[in-house]
Amino acid sequence: MPKIIFLPHENFCPEGAVIEVEPGISICDAALANDIEIEHACEKVGACTTCHVIVREGADSLNEATEDEDDMLDKAWGLEPDSRLSCQAVVADQDLVVEIPKYTINLVSENH
């Protein structure tokens, strides 16, 4: 089973995390199922950028980003070449190293 290694993030997983996942799950769903409360203001339909992550290793194994996802990512804070919306990035059979950016653009967050 592939693993997702989440790098430390002061709010979501201060110690970092390593979780085993079934292929076919999105990075966002995997995080939420393992108590990493990544923001997802659009309820995981790819219509915002709050679940933006940077895939530091293993990005080539993910499903290809759609044009709609690329368009949304253009609005994300801290965009990098390996940025993905975690709700749209589906795990395959390779381990991933994922960084949750320090900031997000979320105008409707109930946790602030």
Side-chain angles (χ1 to χ4, degrees):
M1 235 186 319
K3 293 182 180 93
I4 303 176
I5 300 159
F6 286 93
L7 298 176
H9 183 284
E10 69 180 69
N11 296 325
F12 299 115
C13 53
E15 306 295 317
V18 178
I19 58 175
E20 285 192 10
V21 298
E22 291 285 337
I25 190 171
S26 72
I27 293 173
C28 186
D29 284 337
L32 294 170
N34 287 276
D35 299 320
I36 300 171
E37 296 297 322
I38 191 168
E39 293 191 48
H40 53 287
C42 72
E43 294 303 318
K44 304 181 283 187
V45 298
C48 71
T49 63
T50 59
C51 72
H52 167 229
V53 296
I54 303 161
V55 182
R56 295 291 181 198
E57 293 179 25
D60 292 341
S61 70
L62 298 170
N63 61 313
E64 192 169 324
T66 65
E67 189 174 322
D68 287 341
E69 180 182 353
D70 285 339
D71 288 346
M72 286 307 305
L73 281 168
D74 286 342
K75 301 172 187 175
W77 181 90
L79 184 66
E80 294 194 17
D82 289 323
S83 288
R84 291 294 304 266
L85 297 181
S86 67
C87 69
Q88 302 299 303
V90 176
V91 178
D93 57 357
Q94 215 176 40
D95 291 350
L96 304 173
V97 176
V98 174
E99 179 180 351
I100 302 170
K102 184 173 182 177
Y103 300 108
T104 184
I105 301 170
N106 187 354
L107 303 176
V108 297
S109 179
E110 296 176 10
N111 296 327
H112 299 289

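These numbers come from the heavy atoms of this one structure, side chains and all, not from hydrogens, waters or symmetry mates.
By the criterion of side-chain heavy atoms lying less than 4.5 angstrom apart, applied directly or through intervening Ile, Leu, Val, Met, Phe, Trp or Tyr residues, Leu62 is grouped together with Leu32 in one hydrophobic cluster. No path of Ile, Leu, Val, Met, Phe, Trp and Tyr side chains, each step under 4.5 Å between heavy atoms, connects Leu85 with Leu96, placing them in separate hydrophobic clusters.
Here SG of Cys28 is found 9.5 Å from CD of Gln88. Values are rounded to the nearest 0.5 Å.
Residues Ala47 and Cys42 share a closest heavy-atom pair of N-SG, 3.3 Å. Smallest separation of non-hydrogen atoms from Ala30 and Val21: CB-CG1, 3.6 Å. Nearest heavy atoms, Cys87 versus Gly46: SG-N, 3.6 Å. Of all non-hydrogen atoms in Ile38 and His40, the two that sit nearest each other are O-ND1, 2.9 Å.
Looking at heavy atoms from C-beta onward, Pro14 lies out of side-chain contact with Pro8 at the 4.5 angstrom threshold. Looking at heavy atoms from C-beta onward, Ile100 lies in side-chain contact with Ile36 at the 4.5 angstrom threshold.
Sequence neighbours left out, the pairs with a member in residues 10-33 that pass ring pair (Phe, Tyr, Trp, His ring centres under 6.0 Å) are His9-Phe12. Residue pairs meeting the salt bridge (charged side-chain N to carboxylate O under 4.0 Å, His left out) criterion with at least one member in residues 88-98, sequence neighbours excluded, do not occur. Residue pairs meeting the salt bridge (charged side-chain N to carboxylate O under 4.0 Å, His left out) criterion with at least one partner in residues 8-19, sequence neighbours excluded, are absent.
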Stepwise side chain to side chain contact (heavy atoms under 4.5 Å, CB included) test for Val91 and Ile27: CA-CA 7 Å; Val91 178; Ile27 293 173; 4.2 Å; yes
Test side chain to side chain contact (heavy atoms under 4.5 Å, CB included) applied to Arg56 and Leu7, step by step: CA-CA 9 Å; Arg56 295 291 181 198; Leu7 298 176; 4.1 Å; yes
Intermediate values then yes/no, side chain to side chain contact (heavy atoms under 4.5 Å, CB included), Ile54 and Val98: CA-CA 6 Å; Ile54 303 161; Val98 174; over 6 Å; no
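Qualifying salt bridge (charged side-chain N to carboxylate O under 4.0 Å, His left out) partners for Asp29, counting only residues two or more places apart in sequence or in other chains: Lys44. The side chain to side chain donor-acceptor pair (under 3.5 Å) check on Ser83 picks up His52, with sequence neighbours excluded. Taking the side-chain contact (heavy atoms from CB on, under 4.5 Å) definition, one finds that Asp70 meets it with Ala65, Leu73, sequence neighbours left out. Partners of Glu57 by side-chain contact (heavy atoms from CB on, under 4.5 Å), not counting sequence neighbours, listed by chain and number: Val97. Residues passing the side-chain contact (heavy atoms from CB on, under 4.5 Å) test with Asn34, sequence neighbours excluded: Ile19. Taking the side-chain contact (heavy atoms from CB on, under 4.5 Å) definition, one finds that Gln94 meets it with Ser61, sequence neighbours left out. Under the salt bridge (charged side-chain N to carboxylate O under 4.0 Å, His left out) criterion, Glu20 pairs with no residue, sequence neighbours left out. Every residue meeting the side chain to side chain donor-acceptor pair (under 3.5 Å) condition with Glu69, not counting sequence neighbours, appears here in chain and number order: Arg84.
Ser86 places no side-chain N or O within donor-acceptor distance of the main-chain N or O of Val53, the cut-off being under 3.5 Å.
Within the hydrophobic cluster formed by Ile, Leu, Val, Met, Phe, Trp and Tyr side chains joined at under 4.5 Å, directly or through other members, Val90 stands alone, with no partner residue.
By the neighbour-count criterion of 12 heavy atoms within 6.0 Å, atom CG of Asp60 is sparsely surrounded, having that number or fewer from other residues, nucleotides or ligands.
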